[in-house]
Amino acid sequence: MMELDPTKLPRHLAIIMDGNGRWAQQRMLPRIVGHQRGAETVQMVVDQASNLGIGHLTLFAFSSENWSRPKPEVRALMTLLKKYLRNELRRMLRNNIRFNVIGARDDLPPEINGIIDDALAQTATNSGMVLTLALSYGGRQEITRAAARIARQVAEGSLLPDQVNEELLAGALDTAGLPDPDLLIRTSGEMRISNFLLWQLAYTELYFTEINWPDFTIVELHRALADFQSRERRFGKTSAQIRLTQRS
Ligand code: FPP
């Protein structure tokens, strides 16, 4: 396995877990089997990220747009999510993981919201990795909700328009309090952001792999992390400036 520098891991890793459907279809299996295998990959990646000491892991589990998939697939995904959350709670408690959710939670079935509330409460004081699931999540919808929240405060008179700045907007997003992702991985060869974390990905390093999510392995994860470690992040500055700040 590739040697990783433990001091240069992403503080926040975000993943678009794509290709479950194609993985299944290539094997003449129903799409849901791909999602089931995908859920196993989720467990592996959560364990690995937490063991490596990555502080934040955010997974795109269900997008705002995924509601328009065929009803049986949406139902199957919700059933899978329920099963996953029930199983995962034990492992989160064992691994000191703090659970978190972003997205339009109101759209989720009440039963799932109940399980989520329970997982949030039971892991609230854990001090290890923060595992965030994006559920019924869309970046534009999140920014729109934040804008509406801020507009309400202005209308109520508790905020002046001039007080609206980047920090305030970031604090009104679902991700308030989370650092921006350092690395985004997307599987299955698609090279798009697909409405994921639009605000937060401004300076994130992007990593794309052809591998479908159910086939994503520990070795693939290490490959992505090693690639990240080989990059120079400049945040708009010059190479020379970055070398100077690294020396000081
Ligand atoms: C993309 O594959 C994946 C999804 C829409 C859902 C992601 C869900 C999982 C990985 C499993 C459940 C998650 C948890 C947290 C239990 P796709 O169906 O879009 O694949 P395709 O592009 O090949 O059709």
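This one's a predicted model, so the numbers in the text were calculated from it and none came from an experiment. In each ligand, atom 1 is the first atom listed, and ligand 1 is the first ligand listed.
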Work out whether the distance between some heavy atom of Ser188 and some atom of ligand 1 is less than 4.0 Å.
no

Among all protein heavy atoms in this structure, tell me which lies nearest to atom 1 (C) of ligand 1, with the distance rounded to 0.1 Å.
Met17 O, 3.2 Å

Which of the atoms of ligand 1 are close to Trp213, meaning less than 4.0 Å from one of its heavy atoms?
10 (C)

Look at the rings of Tyr203 and Phe235 and say which category their plane angle falls in: under 30° parallel, 30 to 60° tilted, over 60° perpendicular.
tilted

Is the closest heavy-atom distance from Asp18 to ligand 1 below 4.0 Å?
yes

Nearest-contact summary for atom 11 (C) of ligand 1 - protein heavy atom, Å:
His35 O, 3.5 Å

Applying the side chain to side chain donor-acceptor pair (under 3.5 Å) criterion to His12, which one of Thr58, Asp180, Thr204, Thr175 satisfies it?
Thr58

The single option from Leu85, Leu89, Thr132 that satisfies side chain to side chain contact (heavy atoms under 4.5 Å, CB included) with Phe99 is Leu85

Using the side chain to side chain contact (heavy atoms under 4.5 Å, CB included) definition, which of the options Thr41, Val42, Leu57, Leu184 pairs with Ile15?
Leu57

Just by modelled atom types, is the Thr7 backbone N or O under 3.5 Å from a matching donor or acceptor in the Asp5 side chain?
yes

Under-4.0 Å heavy-atom contact with ligand 1, by part of Arg69 that carries it:
side chain

Polar atom proximity, Glu73 to ligand 1 (N or O, under 3.5 Å)
no

Test item: side-chain donor near acceptor, Asn66 and Glu73, under 3.5 Å:
no

To which protein heavy atom is atom 22 (O) of ligand 1 closest, and what is the distance rounded to 0.1 Å?
Arg22 NH2, 2.9 Å

Between Trp23 and ligand 1, is there a nitrogen or oxygen pair with a distance under 3.5 Å?
no

Test Asp47 against Gln43 for side-chain hydrogen bond (donor to acceptor under 3.5 Å, both in side chains), laying out the working first.
CA-CA 6 Å; Asp47 279 358; Gln43 291 192 334; over 6 Å; no

If you have a sec, work out which protein heavy atom is nearest atom 12 (C) of ligand 1 and how many Å separate them, to one decimal?
Leu80 CD2, 3.9 Å

Donor-acceptor contact below 3.5 Å, side chain Arg149 vs main chain Ala172
yes

Per-atom filter on ligand 1: closer than 4.0 angstrom to a heavy atom of Asn66 are 5 (C)

Quick check against the 3.5 Å criterion: does Arg231 have a side-chain atom that pairs as donor or acceptor with the backbone of Glu205?
no

Considering only non-hydrogen protein atoms, determine which one is nearest to atom 20 (O) of ligand 1 and report residue, atom name and distance to 0.1 Å.
Gly21 N, 3.0 Å

Using only atom types and a distance under 3.5 Å, with no angle test, would you say the side chain of Thr123 pairs donor to acceptor with the backbone of Asn126?
no

Could you tell me whether ligand 1 has any atom less than 4.0 Å away from a heavy atom of Arg31?
yes

State whether the shortest distance between N or O atoms of Leu77 and N or O atoms of ligand 1 falls below 3.5 angstrom.
no

Looking only at protein heavy atoms, what sits closest to atom 9 (C) of ligand 1 is Asn20 ND2, 3.6 Å

Closest protein heavy atom to atom 6 (C) of ligand 1, given as residue, atom name and distance to 0.1 Å
Ala61 O, 3.3 Å

